Enquirer: 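The structure is given below, and queries will be raised subsequently.
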Amino acid sequence: QLQLVESGGGLVQPGGSLRLSCTASGFTLDSYAIGWFRQAPGKEREGVSCISHNGGSTNYADSVKGRFTISRDNANNTVYLQMNSLKPDDTAVYYCAARAWNNFCSINVRLEAYDYWGQGTQVTVSS
């Protein structure tokens with residue numbers, strides 16, 4: 001069974017940091033671009049960041065540029081999202097998703113463009 005699993009979410013104060021992880025079971029991630037998306041209550045799911053299959057290309061939403069960093073460790077079948085300087089507006093459920101793009105990734109596509117999705121991890125930024 002092909003599955004993505006997110007971890008690392010939690011409650012953090014404004015200005016704090018979290019690192020999310022996305023791991024795969026049933027398949028290896030090294031052939032897949034990975035995207036991070038988030039959905040806040042009452043809002044549509046939006047793209048946050050993505051990374052190409054080999055890490056050579058990354059993209060970020062304007063709202064997180066300079067604060068979030070995406071990376072991947074294909075040897076450990078894991079993609080990370082380092083989130084610094086967190087704001088209350090970053091509060092959401094964060095999802096990772098995989099698509100078999102080659103040397104490319106995008107978060108400005110329909111959600112259906114991604115083939116596999118995790119169940120999400122809650123991130124709450126609050127004092």
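Fair warning: this is a prediction, and the values are worked out from it, not measured in the lab. If you read the sequence from its start, that first residue is 1, and numbering goes on from there.
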Enquirer: Taking the six-membered ring for Trp, are W36 and Y60 closer than 6.0 Å centroid to centroid?
Expert: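 So the answer is no for these two rings.
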Enquirer: Please say whether the positively charged group of R19, taken as NZ for Lys or CZ for Arg, lies over the ring of Y80, i.e. under 6.0 angstrom from the six-membered ring centre and within 45 degrees of the axis.
Expert: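 Yes, R19 and Y80 form such a contact.
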Enquirer: Check for a donor-acceptor pair, side chain of R45 on one end and backbone N or O of Q39 on the other, with a separation under 3.5 Å.
Expert: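 No, the answer is negative, given that no donor and acceptor are paired below the 3.5 Å cut-off.
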Enquirer: Got a sec, which residues hit side-chain hydrogen bond (donor to acceptor under 3.5 Å, both in side chains) with R67, two or more places apart in sequence or on another chain?
Expert: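 So R67 forms a side-chain hydrogen bond (donor to acceptor under 3.5 Å, both in side chains) with D90.
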Enquirer: What residues, two or more places apart in sequence or in another chain, satisfy side-chain hydrogen bond (donor to acceptor under 3.5 Å, both in side chains) together with Y32?
Expert: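 Partners of Y32 by the side-chain hydrogen bond (donor to acceptor under 3.5 Å, both in side chains) criterion come out as none, since no residue qualifies.
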Enquirer: Go through the structure and list residues passing side chain to side chain contact (heavy atoms under 4.5 Å, CB included) with S7, not counting sequence neighbours.
Expert: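 Listed in chain order: S21.
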Enquirer: Could you tell me if R38 sits above the aromatic ring of Y95, with its cationic atom closer than 6.0 Å to the ring centre and no more than 45 degrees from the axis?
Expert: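 No, cation not above the ring by the 6.0 Å, 45° rule.
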Enquirer: Side chain of N74, backbone of H53: donor and acceptor closer than 3.5 Å?
Expert: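 Flag set: sc N74 to bb H53 pair under 3.5 Å.
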Enquirer: Test your reading of the model: is there a side-chain donor-acceptor pair from E6 to the backbone of Q119, 3.5 Å cut-off?
Expert: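 The answer is yes, because a donor-acceptor pair under 3.5 Å joins these two groups.
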Enquirer: Is a donor on one side and an acceptor on the other found under 3.5 Å between the side chain of T78 and the backbone of N76?
Expert: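 Present.
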Enquirer: A side-chain contact here means heavy atoms from C-beta on lying under 4.5 Å apart; do S126 and P88 qualify?
Expert: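 No, side chains not in contact.
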Enquirer: So, T121 side chain and G9 main chain: donor-acceptor pair closer than 3.5 Å or not?
Expert: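 Yes.
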